[in-house]
Amino acid sequence: MTTAAPAPLLAVENLRAWYGHSHILQGVSLQVRAGEIVTLVGRNGAGKTTTLKSIMGLVPKREGRVTFAGQDILDRPAHERFHRGLAYVPEERRIVPGLTVEENLRLGILAARGGPGRGGRASRRDEARRIEVIAETFPRLKQRLKQEAITMSGGEQQMLAIARALMAEPVMVLLDEPSEGIMPILVEEMFEQFVAMKRAGTTILLVEQNVELALDVSDRVYIVDGGAVVYHAPAAELRDDPEIQARYCAV
Amino acid sequence: MSAPVPGHALAQGTPLAAPRPGSGRTGRWLALASRHRVALTLAFLVVFPWVAPYQALAVNILVLGLYALGFNLLFGYTGLLSFGHAAFLGGGAYGCGIAIVHYGLHPVLALVAGTLLATFIAAAMGVLAIRTRGIYFAMTTLALSMCVYYAFYRAEAFTGGENGLRGINVPVLTLPGFLLDLLDPVVKYYAVLAVVGGAVWLFSRLLSSPFGAALKAIRENEGRAQACGYDVRRMKLVAFVISGALCGLAGALQAIHLSIVPIETMHYATSGQAVMMALLGGMGTFFGPFIGAATFSLLQDGLSTLTSHWQLFVGAIFIAFVLFLPLGIWGEVLARLRRAGW
Amino acid sequence: MVSAAAPTAPPILATEGLGKRFGHFRALSGVSVAFPEGGITAIIGPNGAGKSTFFNLISGAFRPSEGRVLFRGRDITGAAPHHFARMGIAKSFQITNVFPHLTVRENVRVAAQARRVRFGFFRDRSAYPELAERAEILLGEVGLGARMDRLARELAHGEQRALEIAVALAAEPALLLLDEPTAGMSPEETREMMDLVQRLAETRTLILVEHKMKLVMGLCRRLVVLHQGQLLAEGGPDDIRAHPEVRRVYLGKTA
Amino acid sequence: MTDLSLGGFPLDLLALQLVTGIALGAIYVLVGIGLSLIFGLMNVVNFAHGAFFMVGAYVGVFLYGYTGSFWLSLVAAPLAMGLLGLAVERVLVRPLYGRGIDDPLLLTFGLSYCMVESVRIAFGLTGLPFGAPPDLRGAVDLGIGYFPLYRLFLIAFSLTVVGALWLFIERTSFGLVIRAGARDPQIVQVLGIEISKVWLAVFGLGCALAGLAGILAAPLQGVTPEMGIPVLAEAFVVTVVGGMGSLAGAVLAGLLVGIVVAMTSLVAPDMTKMAIFALMALVLLVRPRGLLGRAGALG
Amino acid sequence: RSAAAQGGPIKIGFPVPLTGAFGAEANDQVRAAQLAVREFNEAGGFQGRQAELLVRDDKINPGEAASRTLELIEKDKVNFLVGGLSAAVTLSINNVARERGVIYNSISQSDAINEAKDFGRFTFHEALNPHMTAGAVGRYVFPKSGKRVAFLSADYAYGHEMMRGFKRAGEASGIEVVADIRHPIGASDYSAFLPRIAALKPDVLCLCNFGRDQVVSIQQATEFGLKRNTKLVAPVLLFTSRKAGGEAFDGVIGGTSYYWRLEDTVPSAKAFNDKFRAAYNGAVPSDYGALGYAGVRSVLEGVKAAGSVETDRVVAAMEGLKADFYKGPQSFRKCDHQLVQSVLIVESKSKGMKTPDDVFTILGTEGPDERFLRGCDELGHKA
Ligand SMILES: Nc1ncnc2c1ncn2[C@@H]1O[C@H](COP(=O)(O)OP(=O)(O)OP(=O)(O)O)[C@@H](O)[C@H]1O
Ligand SMILES: Nc1ncnc2c1ncn2[C@@H]1O[C@H](COP(=O)(O)OP(=O)(O)OP(=O)(O)O)[C@@H](O)[C@H]1O
Ligand SMILES: [Mg+2]
Ligand SMILES: [Mg+2]
């Protein structure tokens, strides 16, 4: 399947994963090249989230090969991926309870300045600047910096989760259903934002149920089912496929 | 492209993580065992005194097992960690002891009196403690139980204070139709077993009742249980009180068994003991508390006869248990059986 | 059956000047709406408009700072949350909220039980076979028929969303509040869910919060729009679609 | 001065009693903070905290016997306990993460048995005598009465340590990371933080504080293998009254408990121990999260 | 009573708190008791029967002690019980033993065990009781050190009993009680009580507490400078406590049942110490340790005198026993089986010590005299 020249930024080969005794991923292979937006679609329980989590090193048992920027990261501890420039927006938002919005955001950049506790005052200022920038993109967050994050509305939490992942300006982001719970007007803006990020050089691997919009912004699409990739094509091809339209898009 | 499979993708072929009761050979055995858990527990306890080093210890284990069982209702099944159960054990013991020593009540009535006193203490503590949650709940119960402790400590005329309550002597138990010689350790064991057996049976009924199911739901997710229509506070209180009553019964039996009630019975260290026994045996398992009580007592007893540094070994064994048998002894046995039978 | 209730029919639920403050922040203020018996009403509005807060108020999870909630004409403001459930108001949560270490079947069964037996102490649960049956039927309806013996926490996100709804349904509510029932569901499952919602609406009143406009517009006769904690608009799909303010703050180009 | 009185007690006596309470509280604060750190931030109930306190005291006293320098002991005891804490976390506690609150509880309970018994084997059952170091002996006239110099030193020193700790946790991002890590370690990891190192550090720090409290308390009461047992309960009280994981709360609660004990012993001396628990019950019933506990903190 | 009592060894159950705060004392008790058993066996035992000591750890917990006593009686079928160290434990052992008709010779200090309520025909009390000890110390100290007396007492039966003994002795000297402060047992800090006591400047401060409480309170009283104006007095001044407390004990006066330097004046003490030193590497017995020896010997001498191990006959024989085992003459009073014996008044020192064990100066000895005990009717025994 490999297409020509530049080595992919992220390459997943025959990835298998287990939760306890359940064998979930049966051998997933996919590639994302630098600067691409690639989308995974599939039914509930198909294994999309498990794929992302395995890439991030969050599934207890995993086999196969995952290379990022040319290095095998399958068995590296999760936190190392962050330092290589990989960011992750989990499904169900995973906002840290007990912290304010601002603290949740700060958490996103802490490690970027060289580990907990080692930062001096200067990078504090840096932090503040980043929060400022991100908050511009999500004005709702800006008004709520001091609110306890877990009391935010569902959509606000989703924005926070995305903003947190972007704080450290990652090379590549894995987004698990970012549009869930976001109002229509903002969903559109958000996808526009993804395109803008892509233009700025960020690579994106997306899991999305809003297939119509996802197809609009993606370069390529993988369809996951039963813990494996069952189909793979450029997005444009799928946009024109009536069967795909019928099965995945119409509501 | 392949057509998406109907139904959910993993429904076919992939093994499921959670074992279904009743499938596989061991599974069937387990299902059977769990249906007859009361009978099994009792069968074990009937032969137990012949295995234990001496009968008095066997009675201790019965009593402590019941105590841990009562505690387990709260922690294992309802998810409330209490550090105040000593107040119930002690309340039961003092209630029973005082009834016999100061009022000359019949031992059977004294058992009832002890259980009632414990129930009352549990209700009073529960009403206050239920307002808090998590570790704060544990600490509130601890604090309240220590207040009870000091109250009993100071009521020296009734409780004997630091010296403990002495003179709970019941050499023979007169029941309609026959006499039991409680100075005979074997007779005493089976007399206590009769009471404990009754309590275990009631407990088992409780667990398999709708109320038991609701408690587990509360343990899992209190907020959701409430949204489903359960009056969570009241149910927690009821569980607290029932748990207190069971522990109180254990205390009352202990008073008759040892013929004294030490004030230490009410100290929080005794509450800690319930936690340890329940964890050792296996939290939220039916038989676990008895296994835990037996292990705890046998370990301490056996080792302290062998060496005066027994605490070193008890400590090390505890550590080993946690590291290698995280589900508790009985919990681990169950899990192993399940896995083997899969 | 599905026919829109006549405006004169007594509402199953009504709010009067309902409001909620968190500290100084007014999440909701002065919302008065009535929901007629039967049919589906959608509540829409921007993120943070106060939709979930509104649900929490009318399901008893929050106590209002001001205003009243009337259920079938009775003032139920400030009653304990479990009373709401017993009166027949059930809610599915926007952020999945189930019993993670119970099996899928047990999740629904224990929810169904809450309606029937709460303090049964000594009768065995097998004395209530109807509860288990009901659980199985409900799970079949939401498409989890094959997953009943799994622990809830082992389900995929979309499956948990389906379970969430089954748990809410188990209480046999007269009024069912669904907070983004199809969030996280694939298009295919969303369609199935919408069929289910439509069937449910034949026998009870449904209020749902949704951000999927196509779906909402197709399903509901009536929409309520909240914005910044206040009632912005109310009406049929066409009115709402045409409402300029709604378009500006919420719909964008979509509808 | 003595003719002024309040509730039948001369004012200067009351004032002296207050100072006494603060000195008592200083020790409570130190043990409380250590426990609170580990407890509030790692969700680990360290039942061996009292044992660390005791071993810290032994290490300090033992070293003092060799070097004759109390100051050295003051550094060495917490250091040794910190290292021991690191080892314990790494070898024993780490395998238990993700297993809920009960496993570490049981494990540290067993560990405390081992520590106490090891000390009995190594140093005997009776304990070692130990008094205030020569430079800190004697009493100072505070104007309200004589007060032991060592206890004044104790107050000053503990408050300095607590202040430094506060700076460390509030002014560095350490506090944020550990607070977050307690709630959702996975996310913290995804955000590039090696959470296991953070926990290691927290555990070591908590144990070091226990050791420091131990050596500071040693001149007050000598050292015995059992000296840690009441300390554990007291530390729990301080932690809970102050609010889980709240540094300021632990300070407030520690001083409060000390003062309550001192004042109770003036009016109803036989009630002093009960007073601690009554205070805790009262606080929790009025403020179920402790004095400065955050909403949503643990449970 | 039982079949096993007919032949085989004479078994003596010996529950003491081997672990816990009083482990040092308990271990000493065991060593001394073993000495008594060995002595008995080496002298040929009784009718060819050897004595055997069954040591159990009571963990200083009355409940544990009761279980262990049941074990010793029901499973091991012991002939006699000796032991106990804390009052609560001794009362618990006594309660179990008396119901089953087994002789128990207590070696723990308690007033309650003499009283009719707890006393049983099979109960013997080898140790001093708080009334005797405190009384002797009071009678010695008050006339010498002054009349303004403050009490700091552990708030439990034992503390109250000691205080009662002091006050009774003080009535004769006309003391004035300036403070009567009760502290909770097991307190680790006394600083909260001390400023108040210091402010009163009493002549004598009686510390009616025990073990670790005593060590810590004396240490802190010293720290608060109380010794400047006040004589510190502890009714029961333990050898091991003094060793754990160190210099802080300087000048503290107290009572004890035994101190090894008694060997300077009493031959039986010298003989006992020598045996002990020979058996245990030159160590000297502590006060409680010596009680372990005496407790076991009383029972075994009772057997010899009775010419039987049968309970009733041994009881009668022990009641008539007049002996000098290790500290001078001693005998059991008929009504409550309390051992009438001497009380030593000692003062703690840390200078001019000949050996590290030379920690006390014996100031005086109050001879054995029934007058210093509470009367039989006061205790509720019918004449
Ligand atoms: N913690 C777990 N333990 C056991 N099984 C799990 C666990 N998490 C997920 N699974 C199972 O793995 C399968 C794949 O789940 P995954 O979350 O990857 O699906 P998904 O494609 O992301 O679905 P959705 O669209 O619903 O989020 C599902 O069948 C699910 O039941
Ligand atoms: N406990 C709280 N403290 C402070 N603010 C709160 C609290 N709970 C909710 N809010 C705020 O109230 C507003 C309304 O929240 P609500 O959850 O009702 O929004 P929503 O309409 O459901 O939005 P969404 O579509 O994103 O789910 C939000 O801005 C939220 O941040
Ligand atoms: Mg998913
Ligand atoms: Mg919402």
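Quick note on labels: first sequence line is chain A, next is B, and so on, each numbered from 1. This one's a predicted model, so the numbers in the text were calculated from it and none came from an experiment.
Distance check, rounded to the nearest 0.5 Å: CZ of B:R224 to OG1 of C:T96 gives 9.5 Å. In this structure, OH in C:Y128 is found 8.0 Å from OG in B:S209, a value given to the nearest 0.5 Å. For the atom pair CG of B:N221 and CZ of C:F93, the computed distance is 8.0 Å after rounding to the nearest 0.5 Å.
Heavy atoms only, all atoms of each residue included: C:A114 and B:C228 are closest at CB-O, 3.2 Å. Counting all heavy atoms, side chain and backbone alike, C:E106 lies closest to B:A213 at OE2-CB, 3.9 Å. Closest approach of C:L102 to B:A217, counting heavy atoms only: CD1-CA, 4.2 Å. Here the closest heavy-atom approach between residue C:Q113 and residue B:Y230 is recorded as NE2-OH, 3.3 Å.
Salt bridge status for C:R153 with B:E220: absent, with no side-chain N to carboxylate O gap under 4.0 Å.
A 4.5 Å side-chain heavy-atom check between B:V232 and C:H82 finds every atom pair outside the cut-off. B:S208 has its side chain out of reach of C:R125: every pair of non-hydrogen atoms, C-beta onward, lies at least 4.5 Å apart.
In this structure, C:F62 places its CZ atom where more than 12 heavy-atom neighbours from other residues, nucleotides or ligands lie under 6.0 Å away. The 12-atom threshold is not exceeded at CZ of C:R74, counting heavy atoms of other residues, nucleotides or ligands nearer than 6.0 Å.
Looking at C:F84, neither its backbone nor its side chain comes within 4.5 Å of chain B, counting heavy atoms on both sides. Looking at C:E192, there are no atoms closer than 4.5 Å to chain B (heavy atoms on both sides), in backbone or side chain. For B:I242, the part sitting under 4.5 Å from any heavy atom of chain C is the side chain, from C-beta outward, and nothing else. When heavy atoms are compared at a cutoff of 4.5 Å, C:A111 approaches chain B by way of both its backbone and its side chain.
For chain C, the option among B:G223, B:S204, B:A225 with the highest count of heavy-atom pairs below 4.5 Å is B:A225.
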